[in-house]
Structures are given as C-alpha cells and as structure tokens.
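Heads up, the thing below is written out as structure tokens.
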Amino acid sequence: MTTHKIKKGLDLPLAGRPDQVLTDAAEPTSVALETYEFAGIKPKVLVKEGDEVETGQPVFLNKVDRDIVWCAPASGTVRAIEFGPRRFLTRVVIDVGPDKQHAALPTLPQSGDREELIRAIKGAGLWPLFKQRPLGKMPVGEAAPVAIFVNGMDSAPLAADPCFATHDRPADLQAGVDVLARLTSGTVYLALREAGDHQSDARGLEGVEVHEFNGPHPAGLVGTHIHEIRPLKSGEVAFAVSLQDVARIGHWARTGSYPTHKVIAVGGSEAPSKQYFRVRQGAPLAVLTGGAALTGDVRCINGDVLHGYAAEPDGYLAFGNRTVTVMQEGTDRRDLFGWAIPQMGKKLSNHAAVNFGLKRREYAPDARLHGGHRPIVNIGSWEKVLPLDILPTFLVRAIQARDIEEAIKLGLLEVTEEDVALCTFVDPCKIDVGEVIRQGLDMYEKES
Amino acid sequence: MRFLRNLVDKQRKLYHGEDSKFHKMWPLFDALETFLFAPDFRAGKQRVHCRDYVDLKRVMNSVIIAMVPCLLWAIWNNGVQHFDAVVKMGVTSEGYATGWLQGLIGAPVFGLEGGVSAFDTIVFGLQRMLPLLIVSYGVGLAIEGVFSVVRKEEVSEGYLVSGMLIALIVPASTPLWQLAVGVAFSVVLGKEVFGGTGMNIFNPAMMVRAFLFFAFPAQMSGDAVWVAGNSAPTGVPGNLIDGYAEPTALAVAKAAVSNGESASAVLAEHAGGAYSHYNLFIGNIPGSAGEMSKLMVLIGAAVLLATGVGSWRTMLGGVLGMLGAAYLVPIMSQVGGLVSDAALHLAPWEHLLCGGFLFGIVFMATDPVSSPETDIGKWIYGVLIGVFTVLVRMINPAYPEGTMLAILLLNAFAPTIDHFVVAANIKRRLKRA
C-alpha cells in the first residue's frame, strides 16, 4: 500500500454537506434514460412509444459499437421518445409499471474468454459505467486496458463518499472486482482516502492494489490517481470506474439481474434534505428533492458543482451520476462594486477577495461568474490548484492555437475537463478551461 | 442602489443590441456598467457551476491598493523635496511662483527658518502628482477605449495598474506633453498592436519610462535627481528646478568608485547624511515620483504577497539575484579589470536601498503578462533581473541605474525562459512514457 500526498488543490467549503444517513427514496412513477452525458455515441432507439419494456431490456444502442446498449432501469410502458436537433435521441421516458425482469439479460460468462465477458457487460447495459483514459469517455474500440483504476474516494465538493455508498455490500464489491480483474491483464488499482469511515469493506477486497491519497481536491479524481500511480505511456489505455459502479457490476455478476438502484448523495445549500438516498436509476430528480419539482432561483445539478450538468426542474437522475447538488442560481444578483467589496469568509483560491483567516467557513455559492471574460492573464492561480506535472497555461494556449501535437507533448492526453475544473473555478479571467481541454481532446480524436 | 440600478438599466437600452442608437459605444458603456455592478454572467449548463469571487478587476484592484502607500509617499515627499530645494536656493515667499493648485488654495507660507507647513507640502505634492495621474490615466484609458470599441471587446482592466505605475515611475517634473506622448506610444505600440491586455511582450509602464528615457534624455538622464518645481517662466528661482542639480545615490556611489573611494563611505557622508541608510529606506530622498520609499514598497509587496497577486518567486529571486551578484561580481571580475576593488563598492544590501530596484522587482517585474508563466521560469527571471541590474550599475559606464533595462531585457527573454522550462516538462513526460 502506498500513500500519495497531494499538496496542490483546493477544497471548496460549501454549505450543505450531506449527512451520512441513508434512506430509501420513494419509488418513481417514471424513469428516463438520457444521452447527453455520453459524448460521441450515436444512439439508435430499440423501442417504440407505447411498448412494454422489462427491467434490463435494451432501450437504445450505440451505432458506433452495436454491442453497447442501455437498459431500462424499470419495467413499464414507454411514454416518450424525444429527439433533439438532427433527430438525435435525447431521452426515453418510461412509465413505471409492475416489475418484470428481462429474461434475456446476459449473465456473467463462466469461461475465461475476455471477449465474451466484454460482450456480456455491454449487453447488460453496464459498459457505460466505464470511462477510458485518455479521453475520459466511454471506452470504444479494441484497445485492452493496461490497468483499471477504481475510485473509492471523491474529493469534489459535497460529493457522495463511495465507501459510504457501498459499505454494506462487500459481496457485490468483491464480485465486481473479480470481473474487473478478468477485463485487464494489468493491475486493478483502488484509490482510497488515507483515513476515512466505512472503508473496511473496500480495504478487505482481494485482487486490488490499494493506494491511499490525502490532500485537497483533486486528490480524489482518477486523473490524479493515474498520474500518481501509473502514468500511461503513449498508446496505452486504462479504464476508470467508481467503487459504487463496481458494486453494481458485482450485483449483476452475482445475481444475473440488472442493478436498478444506486446510492445518491444530495447536498447543497438549497437541498431540502441533505443526506444519502437509495434510489432507482433514472428516477426524476424531484424524488430526491422533496417530491415536487424545485422552483425558485435554484440550480439543480446532476453531479457536483465542479463536474455536473445543470438539470431542468423536471429532469432525471443521470446514468453516471452519484451526487445531486442544489445551489442558488443567482439570477440578476448584481452586486454594486462587486469587484471591490470584500467577500469575508468566501474567499477561496487567493486572498484578493479578502478573507484572511476565514478559509474554512462554509458558504452557499451561486452560479454567477463574478466577472467578465478576459484573455488569459496568468497570476499563477491555475498552477496552484493543479497537482499534476502539467503546465496548464501552455497546454491551453497550444489547444487554442490548434497545435495538437504540442498539446499532446504538454500532457493533453493525461487530463480531461474534470481535472482542470478547479482551474476554471479560480480563474480571474473566467475562462472555461475544461471546455478548452475538451475541444483539444475532440481535435485529437478527429485527427487520429 | 435600486435607483442607480434602474438608471443604468434605462441607459443600457441605448447601447445594447445591434439596432440600439449607440451600440458601437457598447464596450465603453459596458466598462462603466461593470465598474458599478458585477456583470450578470452565470456559469454554463455543464462542468463548473460556481466560480471564485476573484476577477481581473479585483486582481488589478489589489495591485492598485498595494501601490497606494507609494502614491501617498510620493505626494508627501515631492512636497518635502521641493521645499527643501527651494529653501536651499534661498527662495522665500516673495520669489516663489505658485502652481495651479497653490493658486487655488493659496501660496505656501514660508516659516522663519524657511520651512512650510505639512499642509503646504501636501498641496505641492498633489499639484505635481494629480496631473501625472490624470494624464497617464486619461490618455491611456482613452486609447484603450478606442481600441475596445474598434475590436468590439470589453475594456480590459490592465491599464488601471499601468496608469498608476506610470505616474509613480516618471520624474514628478516630467512635462505633461512628454508623458502623454510616452503613454500613447506605449499603449499603442507596446500593447494594443499585440492584441491588448494579456498579449503584450513588455510591461507597458516600463515602456513609457524607457521611451521618455531615450526620447527626452535632457529631462531623464538618470544620474541627476528630479526635484519637481512649478512650471512657470524660467528665470524665476521658485520654479527651479532646472538649476538645482543633485546626483542620485547611485550616481554618487558610481562616481566614488571611479575616484577610487569607498562608495559606502562617500554615500554616507554625502550632503550631510542626505543618503544615510535611514533616509534611503524611509524614502526621505529625491527621486522618481513613487519609488523613493523602500518602506512603502515593502508594504506594497506585503499586500501583493498576501493577496497572492504578485509572485513571491520573482520578488525573492530578484532580491537574491541582486545580493548574490553584488557580492560576487566585484570579486570575480577584478581578474579581468572590469570592476575595481571589491571593497570600494556598495555592500550588497546597500544596492537594495539605492535606486528603483525594489520598486521595480515588486511592482514591475511581477507583471503577470510580461513575466514568465512557469514557476521555475519566475525564479530564473527574478534572479536574472537582479544580476543584470547589478551588472549595469557596476560595469556599464553610462548608466548608474540598471533596473529598467534589466526588466525590459528579461521581459524580452521571458518567453525564452519559459520555452526551456516547458521543454524540460515535455522531456520528463517523454521519459516516463
């Protein structure tokens, strides 16, 4: 076991930390599968409006790799199939009916054949739980992962603790890890906080190499873990998966049924109840936020404040999401002399906003940028929050100059937008660094 | 506040949108509006949903706050130096020609021993500093505004710092038309042609000074000090200060070394202790408008470091580079005969007290745009500024002070320094892979 100390970074002291209390959320009357979080897929819908679907029945597939499907998280009737611009599938909504399991759901193959295993995972709708590095998207193509990184910690603000979310499921975890071990010829790494509650199950897992991390966010991001544990060589790919998703894979491996439920942390200053819920995948967010759709000047985020998607008031829980954050939106809140007034207790990344000695006090953020967009003026704030051996300013400039070769040399393939989210947060010029990084990765994909 | 908000919103209609009456002036309106009210921008629908309270306005504001002690000292000390010189020249109330502010408020009252009150001192200081600030900001911001309108971009805050810096690093006696020409030159050719704030190679404020230094050497030779007078017809003693020549501390030191005397000793005795260590530190000496008091510079440095806006690497690197070079250069170059006996030179720490180095390394070298952007690069850059300043001070026969030239030189080399640091990063990555 190795301990990695992350020195650079920033923990945002946001108000509304979820209590470590787990309750079952109400069963939803409808569920939805949405496509926006899977960049690069070409969905082809497999059901029609009015069709009866069973739990675990494929609802749409990815035309890029037709083995990859997304399964209905509940049985019932397809109420709506919605398309966006250019007839791109945006979501499938299912009215929940009586529970019926899909009998044709693939089960874990007993033979050691890796191809067969991959096909089974894809057919069971669990492949989208993996993210591939580089690129930070769902893995496609043939490249075998040289390692699999399981993330047993999430250091993002108000994020769900994966160890708490899985602490009563040691059998599922072990079964999931066994599946991972068959997927790669390399090592399965598990990253955990150096000290934390509810870790005994995770630490008892066999077949994983545990690495401990301590320090501020982004100590709990897989990009940081890979960088510290085993940087990828050119041409290598690794898979990343969250500990809770390992338990879901393990649930499928053990029981042969589709894992319909997951544990979600609900936090943020405006969240009606700040705690953990066990909830059906694809449930409406309202199930977690008091029953009715949220109104008022709030932003409900599928994810945490650094790596999430803002949801519509009638939105649904995203497939890969484990955290829901409800924060203030801050519409038309325009401080007089906002650039000069001290922000006591809110100052975060540097002291220009005057909060000496008050760093730890929690505050309720809103979605305002607090400034206008400017060209890059580097006062060293990005470097202060990026623990990777990467020069973010030069990387961003290389991408902006569309010099992908140089960007790769500068480490483009080691990062995704989530690794630089803190840079975006602290940037005085209000540049969306993650957007630039994603543009760079897209350019790289197009070229290769 | 509600009233102000409504007022701005009403005006906004005249400027916002393609079909509005004054839409071409939108960047100017926007600059004013965002000065009053934080802009109503909110985070996008994905990725990062909340942002820090720091924006470029706040960053620039921190630097301006850091410069305020220097400005206050400039106002005070320009008055002090002026009346010292006036009294030394034997001028009293009768022979004294008043300036514009003194004309408004009242001529200074000379006491029995020739001194004036603190109030009169401040009035004179304001009389010199306000026009410098007004011209520097007025010309600079006007040009920035025009470029913003032409480019249809938001007006950037960068010049708010440059404008103040410029007023602090030129002699208080600089003719205003020269200053205006210098500012126009620097903002247009030093900054806007590169694309505006964030794109320039050289520090714009340093460009102004360099321009004045080379274009108007009569007023800015660098070895005689500047004591501001009132610009009135020549021949009236009160207006000096053309006739009043006093060498700077560094010029005294340089002359002493070339005469084979110990610079430290000569400096300490010069003009009855005018250049004592205490005076040099407190800033009770003549000089450019704002760089005189090392104490005020250190207060400013503390603000920059506490707010995290200035780079401690550049500052510390610069100080160490200067101390190291001031110690080593005389010893090493004795062999080649370039520099005379090491014992003759100022002690390394005395170099820090003399001239504008401290001001330069704290406020000018730390400019985030024209300095290197890598941490290691900032160390190298800082150290080299210190070293080159000392080299100019010790070896160059023409200029007693080298801070300006050193910073401009290293501005030019900043991308090169970064290039090597970046290359090392790339090499490290290739090795790992």
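Sequence lines set the chain letters: A, B, ... in the order given, protein chains first and strands last, and positions in each chain run from 1.
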Criterion side chain to side chain contact (heavy atoms under 4.5 Å, CB included) on Glu329(A) and Arg42(B), from CA distance to verdict: CA-CA 8 Å; Glu329(A) 174 74 35; Arg42(B) 269 167 290 127; 2.8 Å; yes
Counterpart residues, salt bridge (Lys or Arg N to Asp or Glu O under 4.0 Å), relative to Arg438(A) (two or more places apart): Glu417(A)
Side chain to side chain contact (heavy atoms under 4.5 Å, CB included) evaluation trace for Val305(A) with Val48(B): CA-CA 6 Å; Val305(A) 294; Val48(B) 184; over 6 Å; no
Closest contact, heavy atoms only, [X] versus [Y]:
{"X": "Pro368(B)", "Y": "Asn378(A)", "value": "CB-O, 3.1 Å"}
{"X": "Gly308(B)", "Y": "Lys384(A)", "value": "O-NZ, 3.8 Å"}
{"X": "Leu410(A)", "Y": "Val422(B)", "value": "CD2-CG1, 3.4 Å"}
{"X": "Ile408(A)", "Y": "Arg429(B)", "value": "O-CD, 4.3 Å"}
{"X": "Leu12(A)", "Y": "Cys50(B)", "value": "CD1-SG, 4.3 Å"}
{"X": "Met199(B)", "Y": "Pro375(A)", "value": "CE-CB, 3.6 Å"}

Does any heavy atom of chain B fall under 4.5 Å from the side chain of [X], the backbone, both, or neither of them?
{"X": "Arg374(A)", "answer": "side chain"}
{"X": "Thr325(A)", "answer": "neither"}
{"X": "Glu414(A)", "answer": "side chain"}

Side-chain H-bond candidate by donor/acceptor type, His49(B) with Arg299(A), under 3.5 Å: yes
Derivation of the side chain to side chain contact (heavy atoms under 4.5 Å, CB included) call for Trp382(A) and Glu373(B): CA-CA 11 Å; Trp382(A) 296 2; Glu373(B) 303 190 46; over 6 Å; no
Test of ring centre spacing under 6.0 Å for Phe41(B) and His370(A): no
Salt bridge present between Arg47(B) and Glu418(A) (N-O < 4.0 angstrom): no
Chi angles and distances behind the side chain to side chain contact (heavy atoms under 4.5 Å, CB included) call for Leu56(B), Val377(A): CA-CA 8 Å; Leu56(B) 207 54; Val377(A) 173; 4.0 Å; yes
Chain B-proximal positions within residues 387-397 of chain A [heavy-atom distance under 4.5 Å]: Asp389(A), Ile390(A), Leu391(A), Thr393(A), Phe394(A), Arg397(A)
